[in-house]
Number of protein chains: 2
Amino acid sequence: MSVTIKDIAKHAGVSYSTVSKALRDSPLVKKPTKTKILKIAEELGYQPNVAARSLVQKKSFTVGVVWPSVERVAPAILITQINDLLEKHSYTTLLSINKTESAIATFNRFQVDAILVFGENEDAIQHSTIKSTIPIVYYGIQANSRFPTIDVNRRIAIKLAANYLQDIGHQHIAFIGDLTDPLQKDKLTGFLEAMKLDNELELPNFIIPTKGLEVYDGYLAAKNLLSQDIPVTAIISGSYDLTRGILRATSELSLKIPDDLSIISYDNIPQFENLEVQLTTVGVPISRISQKISETLLAIMEDEPVDETIILDPELNIIDSCSPVNK
Amino acid sequence: MSVTIKDIAKHAGVSYSTVSKALRDSPLVKKPTKTKILKIAEELGYQPNVAARSLVQKKSFTVGVVWPSVERVAPAILITQINDLLEKHSYTTLLSINKTESAIATFNRFQVDAILVFGENEDAIQHSTIKSTIPIVYYGIQANSRFPTIDVNRRIAIKLAANYLQDIGHQHIAFIGDLTDPLQKDKLTGFLEAMKLDNELELPNFIIPTKGLEVYDGYLAAKNLLSQDIPVTAIISGSYDLTRGILRATSELSLKIPDDLSIISYDNIPQFENLEVQLTTVGVPISRISQKISETLLAIMEDEPVDETIILDPELNIIDSCSPVNK
DNA sequence: TTGTAGGCGTTATCAA
DNA sequence: TTGATAACGCCTACAA
C-alpha cells in the first residue's frame, strides 16, 4: 500500500488539501508549513498517483510512443532525443511495442495526452480507420489526414546530392540502395530526376540494388561495382549502414576518398563523425527532426494549431569527401 | 472528451452501474441488456479509463519495463516474447527509456503492477537504495536482495562449451570476447576453469579480447587470430554478433566449418538458424528466459511466493559445427 | 435483474 | 492561510 497525501496530512497534523497545495508549491501555503510537509513527504517516500491526478486534471503529462519494431536502431536515437526534449517540459514518454492498432487502443485507455507513431514500421494498418480520441502525430508516413504528419523529403535529399556532384563535374555517379524498401525507392526517384532518367533500367551499371540495409549489403554492392571496369567517379549511398559497408570495400581496394572516388551518404545521424573518413552527407539532421516532432507534440497537447503535413527539407553537409572532376 | 460508461448508460436507457457490470461480463445482467450495452459501447468507441479503473481496483494490469538502451538488439527479442506472454494473461507492458532510477519512479507514479529491470544496461545505480512500493523483477543482474532476480549462468555455459570441445579432442581452443564487459568476463571465467588456468595471461594467444560487441569486432579478432601462425582448432565466441564477424573472417580466409575449424557460440537467440553455417551454441534458450520472467512477474503480481534468485542453467545445442580431433 | 451510494487519490473551488 | 467538499470515471456492496 503506497503513501497518499492523507498519510502525509496525518503526520503533519494538517488537512490533506493543504498537503496537496504544499506539494504543488502553491503560494497559498505558509513557508514553514510547506517545508514541514515536503520533508514528511520525502521521508515517507511519497509518489503522486498519476491515475488520480489525471482523472481530475484530465491530463497525464505523458506521451505514448508506438514502437512496434524494437530492433530498429536508427529511430532509437530519435526517440531518445524526443524523450529528453519532452522531459524538459515535464512530459514523460512511454513506449508500447504492440502492434500500432492495439498500442493506440492502450494509450487511449491510459489517457495519454498525445500519441506518436513511427511510420517506418508499417504493419499495414488502415490509418484512416484508426479510432483515437487522443491526438496522434505521425513520423515517416503520410497516413491520415486527420492528424499531423512529419516527414523527411528523401527524394530531394538525393537529388541535392546528385546535383551537387554534377555541379563539380561528375558524370559517372552510382547509387547504392535497397530498392525493395519504399523509403529507399523515394531516394532512387530523386537520383533519377537529377540524372534526367526515366527509370533505373536506363543506367543499370550505376544503380546497384542491395539485398538489405545492413553494413554487409553495402560492402557487397560496392565491391561488386568497383571491381568491375566501370568508370565510376562518385557514389551516393542510401543509408548510414550501407555507407559503412562501402567504406570497407574502398579501403580493401585501397581507394582514397575523395581522390579516387567521391562519396555522399544519405542520413540524419551524427554517427558519421566517428567514421574513418569524414563524409559529405545529405539529409535532415536528426536533432531537427526530434525538435520538430517534440514541438508538434507539445503544440497539439496545448491545443495550439499545428500544420497538417510538415515535410522537412534536407541539407547538404559538404565535407571534402568529394573532389571536382575535369572532363 | 472521451466516452464514459455514463454516456453508454444514457444511450441504453439504463443506469451506469448496469453498464459497468455488462462490460465486465457480470452474470448479474440479462443477456439482451448485455448485448445491447456492448453494442452501444462498440458504436461509441468506448475505451475504459485506466486511471479511474486502477484507482478503485488498485490494479492497472500493466507491467513497466525499464529499457534504458533502446539500441540493443538481443534483449529486444526477449521483451517481445515477454510482452506476448503477458498479453495472454491480459497484462499490458509499457517501456520507459529513461534512466533506471527515474523510470522506476515514473512507474511508481503510474501504479503499474510490477516492474521489470534489465540489468544489462547498467547505469551504475545503487540498486539497494531504490525506492519502490511496486515489486521489481531483475534480469541479468544480482542487484537487490529485496526483489527476485533472474539470470543466466554464463560461466557454466562457456565451461560446458570448452569441456565439450576438450572431450572430442580439441586442445587448442581460443576464446573471443569483450573482456571489459562484466557479463563477458563471467564467460571468460568459465573458459579459464575449463582450461584449468588461473588467469588469462597464461594463454595470451588463445584469449582474444575485442574492443566491443559488434559484428566488426568479432571480425577483427578472428582475422587477427587466424592469420597468425597459431595452431588453433576451435573457437568459442562470447556472443551472437561476434560470431557473425568470426564467420565473415573464416569465409574470407576460406576456412571450412567444422573441417578446418570448430566453432561454438554463446547465445540465447534463435537467429542462429539464419546463419550461413549451422553452429553449435550454448546458452539458455531465449524462450525459456522469457517464460521464466513472465511467470515470475505474474506470480509476484498475484502475491504468490517467488524464489529470490533464479539462475537458469544453459544447454549445449550440438550441431555438427565441431569435429573431433585426434591427437 | 437493475439501481443507488460510497469510495479510490487527487485537484480545485469555496468557505472559514 | 487553512480546511471542507465536490468532482473525475469506475467498481462493488447493498438496496430496491
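Chain naming here is simple, since letters A, B, ... match the order of the sequence lines and numbering starts at 1 in each.
A straight line from CZ of A:F110 to P of D:dC10 spans 14 Å, rounded to a whole angstrom. What separates NZ of B:K36 from C1' of C:dT2 is a distance of 12 Å, to the nearest Å. Following rounding to the nearest Å, B:K59 (NZ) and D:dC10 (C1') show an atom-to-atom distance of 17 Å. Separating the CD atom of A:Q111 from the P atom of C:dT10 is a distance of 18 Å, rounded to the nearest angstrom. Counting to the nearest Å, the C1' atom of D:dT2 and the NZ atom of A:K31 are 18 Å from each other. Separating the CG atom of B:N49 from the P atom of D:dC8 is a distance of 12 Å, rounded to the nearest angstrom. Straight-line distance from the CZ atom of A:F61 to the P atom of C:dT10: 16 Å, rounded to whole Å. Rounded to an integer number of Å, the gap from CG of B:L55 to P of D:dC10 is 12 Å.
B:L298 has its side chain within reach of B:L86: a pair of non-hydrogen atoms, C-beta onward, lies under 4.5 Å apart.
Of the options B:I300, B:V63, B:V117, B:T149, a side-chain contact (heavy atoms from CB on, under 4.5 Å) to B:V137 is made by B:I300 and by none of the others.
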**Request:** For B:H11 and B:L44, run side chain to side chain contact (heavy atoms under 4.5 Å, CB included): C-alpha distance rounded to whole Å, both residues' side-chain angles, the deciding distance at 0.1 Å, then the answer.
**Result:** CA-CA 10 Å; B:H11 281 255; B:L44 263 43; 4.0 Å; yes

**Request:** Check the pair A:S17 / A:S20 against side chain to side chain donor-acceptor pair (under 3.5 Å), numbers first and verdict last.
**Result:** CA-CA 5 Å; A:S17 68; A:S20 174; over 6 Å; no

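The side chain of B:T18 lies closest to C:dT2 when the candidates are D:dC8, C:dT2, C:dC8.
For the residue pair A:S287 and A:S290, no side-chain donor N or O sits within less than 3.5 Å of a side-chain acceptor on the partner.
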**Complete:** Protein-proximity profile, nucleotides 11-16 of chain C, B/S/- by nucleotide at the 4.0 Å heavy-atom cutoff, equals BBB---

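Residue B:T33 is classed as a sugar-phosphate contact, given heavy-atom separations below 4.0 Å to backbone atoms only.
Using cut-offs of 30° and 60° for the angle between ring planes, the A:Y91 and A:F61 rings count as tilted.
The shortest distance between the side-chain N/O atoms of B:S15 and the OP1/OP2 oxygens of C:dG3 is below 4.0 Å.
The distance from atom CG of A:D84 to atom CD1 of B:I97, rounded to the nearest 0.5 Å, is 7.5 Å.
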